[in-house]
Amino acid sequence: MRLMESALVKANRAYPDCSQMANKLRAMANNAQEQIRSQRNQESYLVQLAGRTTPKGLHCLSMQLTAEYFFLQPEDRQFPNQEKLIDPDLYHYSVFSDNILACAVVVNSTISSAKEPEKIVFHVVTDFLNLPSISMWFLLNPPCKATIRVQCIEDFDWLSTKYISTLAEQKSSDPRYTSVLNHLRFYLPDIFPALNKIVHLDHDIVVQKDLTEIWSVDMKGKVNAAVETCTESEPSYRAMHTFVNFSDPFLEQRFNASVCTWAFGMNLFDLQEWRRRNLTGLYCDYLQLGLERPLWKAGSLPIGWITFYNQTVPLEKRWHMLGLGSNTDLSSDDIENATVLHYDGVMKPWLEIGITKYKGYWTQHLQYDNPYFQQCNINN
């Protein structure tokens, strides 16, 4: 007791005003928290910025291939087996992208995993600036026994300039969310009028296993087949109410906020049923409505959930693994067992900020001894 009394006397002399000391410590803690918050915001901004930039090597590759393309005679710019493009009995895959490496990996991984590559038809759509380079890449690196065609958006005369300007009016800090290539998926029946079904693949995916089985999925009269993302315990979880403004009476009366969400990235679409239900017209109505008041966040996913509301059948989880561009804690077993790996998020595998331990699944589908890669210093 005497020792304690002595200690308390000394403490009282050193800190006569405890409330003042507490206030000082509280201010120091608040200041530290504010610095941490500022650093995190800066880090988030820089990661987002890095995700939007084009790597120097990729820009170089595009320029080299574009120059080579314009040296070709018109007849040498044609791809073989173009009669297969409208054969409904073949397996048709679409990819919309302005990235050469991403397109190459999607095509290469799909074909290398396929049991019958001769039945595969790839429809690549890009913009006017990237058409020469992407075309030249596949002319120099034909996709084995598969068929491929490369088109550009500007060739679609029916795609009105009003639609393109409407997309540009959407409010988003990230131009990728409002790009025409991102939203072009809502026009699949118009782009491919001769086809009954198509599998649409995002350009940031890798196919690990044969996709033939997906073509026999029972669509149950629905339009879209996709993997669901409504299990809270899973990394891919997305709640509709965090993307869609259900405080608006229009949405509150027509849609259920707790309905299960699903993912873009690998989707099977029944184009016949899509045309019958005129879902493209519905999408255009929603897009215009979204400009008049804030109904959902920018991007193709929230408006996709609304457009395909009650028109989606769930696929088994093994078909589509999400999170390789955003989550560092994914299960290695789940990754190995997945048919398609999706690098959704800003940390794409072709960027330096890509998650290192996941890059190997992507890089294995590129030949890094390619002379164009060496000229442009593109390394594994």
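Between Val199 and Phe269 there is no side-chain heavy-atom pair separated by less than 4.5 Å. In this structure the side chain of Asp270 never reaches within 4.5 angstrom of the side chain of Asn196, judged on heavy atoms.
Around atom CD of Glu5, no more than 12 heavy atoms belonging to other residues, nucleotides or ligands sit under 6.0 Å away. Tyr368 OH: more than 12 foreign heavy atoms inside a 6.0 Å radius. Environment of CD1 in Ile86: sparse, with no more than 12 heavy atoms of neighbouring residues, nucleotides or ligands closer than 6.0 Å.
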Inset, instruction - Decide ring pair (Phe, Tyr, Trp, His ring centres under 6.0 Å) for His203 and Trp350; before the verdict, give the C-alpha distance in whole Å, the side-chain angles of both, and the deciding distance to 0.1 Å. - result: CA-CA 11 Å; His203 75 165; Trp350 56 83; 5.3 Å; yes
Inset, instruction - List the steps, then state whether side-chain hydrogen bond (donor to acceptor under 3.5 Å, both in side chains) holds for Asn245 with Ser247. - result: CA-CA 5 Å; Asn245 178 19; Ser247 63; 2.4 Å; yes
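The CG atom of Asn130 sits 10.5 Å away from the SG atom of Cys152 when rounded to the nearest 0.5 Å. Asp334 contributes atom CG, which lies 13.5 Å from atom CZ of Arg318 (distance to the nearest 0.5 angstrom). The distance from the CD atom of Glu228 to the CZ atom of Arg238 is 13.5 Å, given to the nearest 0.5 Å. Distance CG/Asp155 to CZ/Phe128: 9.5 Å, rounded to 0.5 Å.
For the pair Lys119 and Asp89, the salt-bridge criterion is not met [side-chain N within less than 4.0 Å of a carboxylate O]. Contact check on Glu234 versus Lys317 returns a salt bridge, with a Lys/Arg side-chain nitrogen under 4.0 Å from an Asp/Glu carboxylate oxygen. A salt bridge between Arg149 and Glu83 is absent, with no side-chain N of the basic residue lying under 4.0 Å from a carboxylate O of the acidic one. Using a 4.0 Å cut-off between a side-chain N of Lys or Arg and a carboxylate O of Asp or Glu, Asp204 and Lys348 qualify as a salt bridge.
Under the 3.5 Å distance criterion, the side-chain polar atoms of Thr126 are matched with a main-chain donor or acceptor of Ser97. Without hydrogens or angle criteria, Gln82 side chain to Pro80 main chain gives a donor-acceptor distance under 3.5 Å.
Clustering of Ile, Leu, Val, Met, Phe, Trp and Tyr by side-chain heavy atoms under 4.5 Å joins Leu90 with Leu85, Val121.
You'll find the ring centres of Phe246 and Trp305 outside the 6.0 Å limit. Here the two rings, on Phe96 and His200, have centers that are under 6.0 Å apart. In this structure, Tyr372 has its ring center at least 6.0 angstrom away from the ring center of Trp137.
Criterion: ILVMFWY side-chain heavy atoms under 4.5 Å apart, direct or through other members. Under it, Trp215 and Val207 are part of a common hydrophobic cluster.
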Donor-acceptor contacts under 3.5 Å from residues 373-380 side chains, at least two apart:
unit_1: Gln374; atom_1: NE2; unit_2: Asp369; atom_2: O; d: 3.4
unit_1: Asn377; atom_1: OD1; unit_2: Asn379; atom_2: ND2; d: 3.1

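Taking Glu273 as the reference, Arg276, Arg277 meet the salt bridge (charged side-chain N to carboxylate O under 4.0 Å, His left out) condition, with sequence neighbours excluded.
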